[in-house]
Amino acid sequence: MVIGLVPAWQTEARAADEYPDAFSTPALTGDQAYDAAAIARSQVGYTTKKNNYTAYTAEIGGSQGAAWCAYFVKWCLNRAGVTDYLSVSGGAGSSTSLWVYFDSIGSWHGNFYQKWSYGGKSGTNTKDSSYTPQVGDVVLLETGSSSDGPDHTGIVVGVSGSSVTTVEGNIGTADKVATFTYDRWSSQIWGFGHPKYTGGNSG
């Protein structure tokens, strides 16, 4: 008998105990923005078993036990075939780093003016009144003080008139994926980042 080796089935059982598998995702259409939104919608209702442990974090190599809203969005985009998303260091799991990333590639559209500073990063969010949110946009949200940058992340899955519908991970005490609808100019919305999508109407 070899001491110290753990049978594969025991390893898998422990993983299943820590977090459930992601739900099945729809077939890709080639329109990455549409696909990312459809993938996000397919995960609504996912609920963790252990605080902040998810299949999304595991698949993209994130830190289990950490807040996972941004990891979830990256997972959706990766599943949609977006390979250059968040190539900058530290961008995968931080909403503030997401702002820095989108601003650096010229695809950030702010909802209000605010100077902020957090974790050695700082910047100025400026209002872009001319921008219409698009399906597949990454939405950064404010749940506390805006002086330290955005602190929550989701993906836009629908736009109708002045309403924006999102799917967001790491929601509430149930630690789940859920959908929300906001007014376009809600004070909760820090702004929108548009990833470098290809195909269809991705733009």
Side-chain angles (χ1 to χ4, degrees), residues 19-48 52-88 90-102 105 107-109 133-141 143 150-160 163-172 174-182 188-203:
Y19 52 83
D21 292 336
F23 297 156
S24 297
T25 56
L28 300 180
T29 67
D31 181 332
Q32 290 181 335
Y34 173 86
D35 290 340
I39 289 166
R41 280 190 182 277
S42 75
Q43 302 304 302
V44 171
Y46 180 94
T47 304
T48 63
N52 286 336
Y53 276 63
T54 73
Y56 317 117
T57 304
E59 185 170 318
I60 65 169
S63 300
Q64 293 286 18
W68 53 277
C69 57
Y71 288 142
F72 171 69
V73 170
K74 184 179 183 184
W75 182 87
C76 292
L77 270 67
N78 284 351
R79 281 289 182 104
V82 182
T83 57
D84 64 344
Y85 180 58
L86 301 187
S87 57
V88 294
S94 163
S95 296
T96 302
S97 290
L98 287 175
W99 182 93
V100 173
Y101 170 78
F102 284 117
I105 64 171
S107 63
W108 175 249
H109 309 281
Q134 300 177 50
V135 168
D137 278 358
V138 174
V139 58
L140 299 185
L141 296 136
T143 60
D151 45 30
H152 185 58
T153 309
I155 187 165
V156 175
V157 299
V159 180
S160 178
S163 294
V164 176
T165 301
T166 66
V167 172
E168 302 163 26
N170 205 181
I171 296 299
D175 210 14
K176 63 183 179 180
V177 177
T179 186
F180 296 89
T181 299
Y182 302 90
Q188 287 184 266
I189 297 179
W190 187 275
F192 304 90
H194 190 72
K196 295 179 179 178
Y197 287 125
T198 61
N201 297 314
S202 295

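Atoms considered below: every heavy atom in the structure, side chains included; atoms not considered: hydrogens, waters and symmetry mates.
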Find the distance between CG (D137) and NE2 (H194) and round it off to the nearest 0.5 Å. 6.0 Å

Interatomic distance, NZ@K196 vs CG@L77, rounded to 0.5 Å, equals 13.0 Å

Value rounded to 0.5 Å, distance of CG in L140 from CH2 in W99: 10.5 Å

Sequence neighbours excluded - salt bridge (Lys or Arg N to Asp or Glu O under 4.0 Å) pairs with any residue from residues 39-48: none

Once you round to the nearest 0.5 Å, how far does OH of Y53 lie from OG of S63? 10.0 Å

I'd like to know if the side chain of T179 reaches the main chain of T166, judged simply by a donor and an acceptor atom lying under 3.5 Å from each other, with no hydrogens or angles considered. yes

H109: what forms a ring pair (Phe, Tyr, Trp, His ring centres under 6.0 Å) with it, not counting sequence neighbours? Y131

For A40 and I155, the nearest pair of non-hydrogen atoms, with its separation, is CB-CG2, 3.4 Å

So do the side chains of L141 and I189 get within less than 4.5 Å of each other, counting heavy atoms only? yes

So does G81 get a backbone contact from the side chain of Q32, meaning a donor-acceptor N/O pair under 3.5 Å? yes

Closest non-hydrogen atom pair between W108 and G191, with its separation: CH2-C, 3.2 Å

Over all atoms of both residues, closest heavy-atom pair of P150 and W190: CD-CE2, 3.6 Å

How long is the span from the OG1 atom in T153 to the CG atom in N170, to the nearest 0.5 Å? 9.5 Å

Quick check: closest heavy atoms across P20 and A55, and the distance to 0.1 Å? O-CB, 3.4 Å

Output the distance between atom CD1 (I60) and atom CZ (R79), rounded to the nearest 0.5 Å. 11.5 Å

Side-chain (D151) to main-chain (S95) donor-acceptor, under 3.5 angstrom: no

Could you report the tightest heavy-atom contact between V164 and P133, atom names first, then the distance? CG2-CG, 4.1 Å

With heavy-atom distances below 4.5 Å as the criterion, would you say the side chains of Q43 and T25 are in contact? yes

Flag, side chain of Y197 to backbone of G136, donor-acceptor distance under 3.5 Å: yes

Could you check whether Y46 and Y56 have their ring centres less than 6.0 Å apart? yes

Between A70 and L98, which heavy-atom pair has the shortest distance, and what is it? CB-CD1, 4.1 Å

Qualifying residue for side-chain hydrogen bond (donor to acceptor under 3.5 Å, both in side chains) with W68, from T57, T48, D175, T54: D175

